Amino acid sequence: MPAHPRRARPCDGRGDGGSRRPRRAAHRARPPRRPVVDPPRTARRVRTQRRRRGRPGMSVVPYRFEQTMAAGEVSARWGGLGAGEESGDDVAVAGRVMRSRPQGKLAFAELRDASGAVQLFALRSATRDFDAFTRLRLGDWVGATGQVVRTRRGELSVKVTDWVLLAEARRSFGDKWRGVTDTETRYRQREVDLWANPDSRRALALRSQLVRRMRERLWALDFVEVETPILHPIPGGAHARPFVTHHRALDMDFYLRIAPELYLKRLVVGGFERVFEIGRLFRNEGMSPRHNPEFTTLELYQAYADYTDIMALVEDLVSGLAQDLCGTTSITYQGRPLDFTPPWRRATMAELVAEATGLGANVHTPRETLAAWARERGVQVDERWGPGKLLLELYEKTTEGNLWGPVFVCDYPKEVSPLARVHRDDPLLAERFEPVVAGRELGNAFSELVDPDDQRARFEEQAAQHEAGDEEAMVIDADYLRALEHGLPPTGGLGIGIDRLAMLFADVTNIREVISFPTMRPEA
RNA sequence: GCGCCUCUAGCUCAACGGCAGAGCAACGGACUCUUAAUCCGCAGGUUCGGGGUUCAAAUCCCCGGAGGCGCACCA
């Protein structure tokens, strides 16, 4: 046996120092690589170490394991067992080893599964293949059978009689105390993050519950869940830049949807009076702690309803979800109270801008006055913007970020709301609102524009802006106009950002915390 | 896109112009009740990549990469 077997590597006979160089030269033509976390040679090293210990290896792990009980259930059922007591009941548990403490003729290991954790307690005198058990390491998966007992020191345990390795961990799962904190590693290798950091698991589990409860609540209100296309021949339904892709057989470009809105309203035309869709949207825009290129929304449409009905629905839905997920309608976000208990405040955009700035700005204010006010506050004013767009800019620059809410910001300018119905009391406004919470819009809703002639005119306006260089402006969707000509009843519509909502309930500030695999630039 | 910051062992971090180190993990061993166990031993490095300044660079400078935050963008 060589003195340093784990350093042995393929050698070209040139002796020690030169053995690596030829290999590097062979790689020189490839693009430079930066192994961020765990270079392949580490896996090789660890593999060699494991082999030396004579572990069985992955080739002999079984194809299945009959688990009779989850770890959480063990602690729930035998929580009352006294220290040193034996239950007399055998269980078979499975999970990942999160701690291993061999101690002479005894060995302890913490086994964690999806439901929780339970300790494995092994004895040389009672456990099959005890020596191998003592060599279990952080991250290995095992299945174990034995009696439920509580140790003398008071830890509920499975006293292992038989056990089997289900998978070996060749790579490390981070610092046992501090986990993995590097944000890049956490988002790129979410599987490691999830095992190492309970908060990461909690945030994603909460998101899952959020979507589930949301569906249940909508089903209870007789909403029908539907799925509409993600490949759109024309991007529509929102003001955003799309991703483009190509269909080979049709030899044409498609756009990944920026909103499902137009298709959903066509379903209302078709007779689905209450529809919703929870799905992924794609917007080809900047990324930030609050923006991921692909994100999930709830969008719903309710026939015979207007935007005030939708406000009531939003209050009810969001406060109900807070109750479901946090146990209260009055939560804490980033250390500040956030009370979703209905009713929420309703205020017009003009009122809120006046509160924030003292300016009597509204959609009827002369354009030049609005432009001057906006410029004073750092807005780069485009000459083509009308008073509506200027008011919106003013609102976003001065007001929105300071609204803690929840508050319904009502009555947006018609000019910036091409799919919303004109306000019944003011021809320059639209019946549109955004629920704003913690300085961010949570959604967007309106009394839907149902008049095909008006819609055509708005599309033409948008198309003109598109022609003039606004790549985010909409284009004319003839299919949608034809659908409207068949008759869309009065309808209230809503879109809510699921990721944003999950951030509030999970009390996190980065959208990536509630996305399982956030968009990242490739490493190499 | 712009600005500021970060990048060192598998993980978490020191070293801040003078021999690249620690804790944990891993690896070999001791231990019959561990809980961030303890003890003994061993090993592990392209200091993100490239270039420059210097007798000497992880450290200073330049270029590039990835990431974080802020701004812009995102009605």
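Chain identifiers are assigned alphabetically (A, B, ...) following the order of the sequence lines, protein sequences preceding nucleic acid strands; residue numbering begins at 1 within each chain. None of these values were measured; they are calculated from a predicted model.
For the C1' atoms, the distance linking B/A14 with B/G21 amounts to 7 Å, nearest Å. One P atom belongs to B/A36, the other to B/U47, and the distance between them is 36 Å to the nearest Å. Comparing B/A72 with B/A22, their C1' atoms are spaced 43 Å from each other, to the whole Å. One P atom belongs to B/C7, the other to B/C39, and the distance between them is 31 Å to the nearest Å. On the C1' atoms, B/G52 is 15 Å away from B/U59, given to the nearest whole Å. The same atom, C1', is picked in B/A26 and in B/C42; the two are 11 Å apart, to the nearest Å. The gap from the C1' atom of B/C19 to that of B/C61 amounts to 25 Å, rounded to the nearest Å. Across the C1' atoms, B/U53 and B/C60 are found 8 Å apart, a figure rounded to whole Å.
When each of B/C11, B/C33, B/C69 is scored by its nearest atom to the side-chain atoms of A/Phe121, the top-ranked nucleotide is B/C33. Each of B/C71, B/U12, B/G10 was ranked by its minimum atom distance to the side chain of A/Arg178; first place goes to B/U12. Comparing B/C71, B/C13, B/C33 by their closest approach to the side chain of A/Thr181 singles out B/C13. In this structure, of B/G23, B/C33, B/A66, it is B/A66 that holds the atom nearest to the side chain of A/Arg188. For A/Glu184, the side-chain atoms get nearest to B/A66 when compared with the rest of B/C33, B/A66, B/C31. Side-chain proximity of A/Ser172 to B/A66, B/G10, B/U32: nearest is B/G10. Between B/A25, B/G23, B/A36, one nucleotide has an atom nearer to the side chain of A/Trp177 than all others, and that is B/A36. Checking B/G70, B/C74, B/C33 against every side-chain atom of A/Arg152, the shortest atom distance belongs to B/C33. Minimum atom distance to the side chain of A/Thr151 is reached by B/U35, of the listed B/C31, B/G70, B/U35. Each of B/C33, B/A36, B/U12 was ranked by its minimum atom distance to the side chain of A/Lys176; first place goes to B/A36.
Counting heavy atoms from C-beta outward, A/Arg500 and A/Arg440 have side chains that approach closer than 4.5 Å. Counting heavy atoms from C-beta on, the side chains of A/Val409 and A/Leu403 come closer than 4.5 Å.
Using a 4.0 Å heavy-atom distance criterion, A/Pro289 is classed as a sugar-phosphate-only contact. Counting any heavy atom pair closer than 4.0 Å across all strands shown, A/Arg241 reaches no nucleic acid atom. Across all strands, A/Phe173 comes closer than 4.0 Å to no nucleic acid atom at all (heavy-atom distances). Among the heavy atoms of the strands, none lies under 4.0 Å from A/Arg186. Heavy atoms of A/Gly139 sit nowhere under 4.0 angstrom from any nucleic acid atom. Contact annotation for A/Glu472: backbone-only contact, meaning every heavy-atom pair under 4.0 Å involves sugar-phosphate atoms and none involves a base. Residue A/Arg521 is in sugar-phosphate contact alone, with no base atom involved, counting any heavy-atom pair closer than 4.0 Å across all strands shown.
Both cation-pi conditions hold for A/Arg432 and A/Tyr412: the charged atom is under 6.0 angstrom from the six-membered ring centre and inside a 45 degree cone around its axis. Stacking of A/Arg150 on the aromatic ring of A/Trp78 is not recorded, the 6.0 Å distance cut-off and the 45° axial limit not both being met.
Residues satisfying the side-chain contact (heavy atoms from CB on, under 4.5 Å) criterion with A/Thr297, sequence neighbours excluded, are A/Leu281, A/Phe295. Partners of A/Pro242 by side-chain contact (heavy atoms from CB on, under 4.5 Å), not counting sequence neighbours, listed by chain and number: A/Pro235, A/Tyr255, A/Ile258.
B/A30 atom P lies 9 Å from atom CZ of A/Arg124, rounded to whole Å. The distance between atom CD of A/Gln380 and atom P of B/G1, rounded to the nearest whole Å, is 18 Å. We find that CG of A/Leu106 is positioned 7 Å from P of B/U32, with the value rounded to whole Å. A straight line from CD of A/Gln189 to P of B/U12 spans 10 Å, rounded to a whole angstrom. Atom-to-atom, CE of A/Met287 to P of B/C73 comes out at 18 Å; the value is rounded to the nearest Å. Here the P atom of nucleotide B/U32 and the CG atom of A/Leu120 are 20 Å apart, to the nearest Å. With rounding to whole Å, A/Leu138 atom CG is found 14 Å from B/U12 atom P. Whole-Å rounding puts the A/Arg137 CZ to B/G10 P distance at 19 Å.
Heavy atoms only, all atoms of each residue included: A/Ala463 and A/Ile476 are closest at CB-CG1, 4.2 Å. Taking each heavy atom of A/Ala438 and A/Leu504 in turn, the nearest pair found is CB-CD2, 4.2 Å.
The side-chain hydrogen bond (donor to acceptor under 3.5 Å, both in side chains) analysis of residues 389-404 of chain A, with sequence neighbours excluded, yields the pairs A/Lys389-A/Glu393. The side-chain hydrogen bond (donor to acceptor under 3.5 Å, both in side chains) contacts involving residues 460-471 of chain A comprise A/His239-A/Asp470, where partners must be two or more places apart or lie in separate chains.
Distances shorter than 4.0 Å separate none of the side-chain N or O atoms of A/Gln103 from OP1 or OP2 on B/U32. Within the 4.0 Å cut-off from OP1 or OP2 of B/C74, not a single side-chain nitrogen or oxygen of A/Asn292 is found.
Consecutive Watson-Crick or G-U pairing (both distances under 3.5 Å) extending over three or more pairs maps onto RNA chain B as B:1-7 with B:65-71, B:10-13 with B:21-24, B:27-30 with B:38-41, B:48-52 with B:60-64.
Here A/Arg137 does not pair with A/Asp140 in a salt bridge; the nearest charged N to carboxylate O distance is not below 4.0 Å. A salt bridge links A/Arg458 with A/Asp454: the closest approach of a Lys/Arg side-chain nitrogen to an acidic carboxylate oxygen falls below 4.0 angstrom.
Looking at A/Asp182, its side chain has no donor and acceptor atom pair within 3.5 Å of the base of B/G67. The base of B/U35 is paired with the side chain of A/Glu155 by a donor and an acceptor separated by under 3.5 Å.
Between A/Phe173 and A/Trp195, the ring planes are perpendicular. Angles over 60° get that label, and only those under 30° would be called parallel.
Using a 4.0 Å cut-off on heavy atoms, the residues of residues 390-402 of chain A that approach RNA chain B are A/Leu392, A/Glu396, A/Lys397, listed by number.
Between A/Ser125 and A/Gly174, the residue whose closest nucleotide on RNA chain B is further toward the 5' end is A/Gly174.
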